A.B. asks: 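First, the structure itself, so that you have it in front of you.
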Amino acid sequence: MFRRDARTVGMSLRKEFAFPADLHSLGVYREQAMQFVREYCHDPADEIDLTVALQEALANAILHGCRSDAGQVIHCAIEIEPSNVTIVVRDPGSGFDFERVADPKRFDPTTLARGRGIALMRALVDEVSYSRRSKPGLVTLPNSVRLVAASNRIAP
């Protein structure tokens, strides 16, 4: 999935992005992040899976976490290691019940009103996790969705 070369052997590469929560610019944001991934991903199928999963994570952050308020900011961090890529998308939203919304047993694209994006992300990458970090009575910190794609198809 990911190339091993002098830049990636025994180390990780990281890049961070900050995007306004503007749904009309979602494709531009996705492409900016994926340009970094493409430098190291050599499998077209894996690239497509990551692109779609990232699209869904960003869309959820814009629509649900930021409620389409372009004054809000979404943060996206990408870490590339020799055997996997981790993408973390954070938004300032209040959170949701990740397990209930994303229950793969309930996934039916024709009847599920919510959670299709999360179910799709789960189908495309090896791990999807969600964290809601807050301190009661204090400021709620951003929520984050973490996507991990790992492969044993590493280029020598």
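Only a predicted model underlies this, so the values are computations on that prediction, with no experimental measurement involved.
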A.B. asks: Only counting residues at least two apart or in another chain, list the ones meeting side-chain hydrogen bond (donor to acceptor under 3.5 Å, both in side chains) with Ser68.
C.D. replies: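 Residues passing side-chain hydrogen bond (donor to acceptor under 3.5 Å, both in side chains) with Ser68: none at all.
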A.B. asks: Is it the case that one hydrophobic cluster holds both Ile78 and Val73, taking links as side-chain heavy atoms less than 4.5 Å apart, direct or via other members?
C.D. replies: no
A.B. asks: Under 3.5 Å, sequence neighbours excluded: what are the donor-acceptor pairs made by side chains of residues 48-62?
C.D. replies:
unit_1 : atom_1 : unit_2 : atom_2 : d
Thr51  : OG1    : Glu47  : O      : 2.8
Gln55  : OE1    : Arg30  : NH1    : 2.4

A.B. asks: Where do Cys76 and Phe19 come nearest, in terms of heavy atoms and distance?
C.D. replies: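 Looks like CB-CE1, 4.1 Å.
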A.B. asks: Which pairs would a plain distance check flag for residues 21-29, meaning a side-chain donor or acceptor within less than 3.5 Å of a matching protein atom at least two apart in sequence or in another chain?
C.D. replies:
unit_1 : atom_1 : unit_2 : atom_2 : d
Asp22  : OD1    : His24  : N      : 3.1
Asp22  : OD2    : Ser25  : OG     : 2.8
Tyr29  : OH     : Pro20  : O      : 3.2

A.B. asks: Kindly write out the residues that satisfy side-chain hydrogen bond (donor to acceptor under 3.5 Å, both in side chains) with Glu79, not counting sequence neighbours, or none if the list is empty.
C.D. replies: Ser12
A.B. asks: Is there a path of hydrophobic side-chain contacts, each under 4.5 Å between heavy atoms of I, L, V, M, F, W or Y residues, that connects Tyr40 with Val88?
C.D. replies: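 Different clusters.
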A.B. asks: Looking at CD1 of Ile80 and NZ of Lys15, how far apart are the two atoms once the value is rounded to the nearest 0.5 Å?
C.D. replies: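 Interatomic distance, Ile80 CD1 to Lys15 NZ, rounded to 0.5 Å: 10.0 Å.
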A.B. asks: Among pairs that include at least one residue of residues 63-78, which meet salt bridge (Lys or Arg N to Asp or Glu O under 4.0 Å), considering only residues two or more places apart or in two chains?
C.D. replies: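 Every pair satisfying salt bridge (Lys or Arg N to Asp or Glu O under 4.0 Å) with a residue in residues 63-78: there are none.
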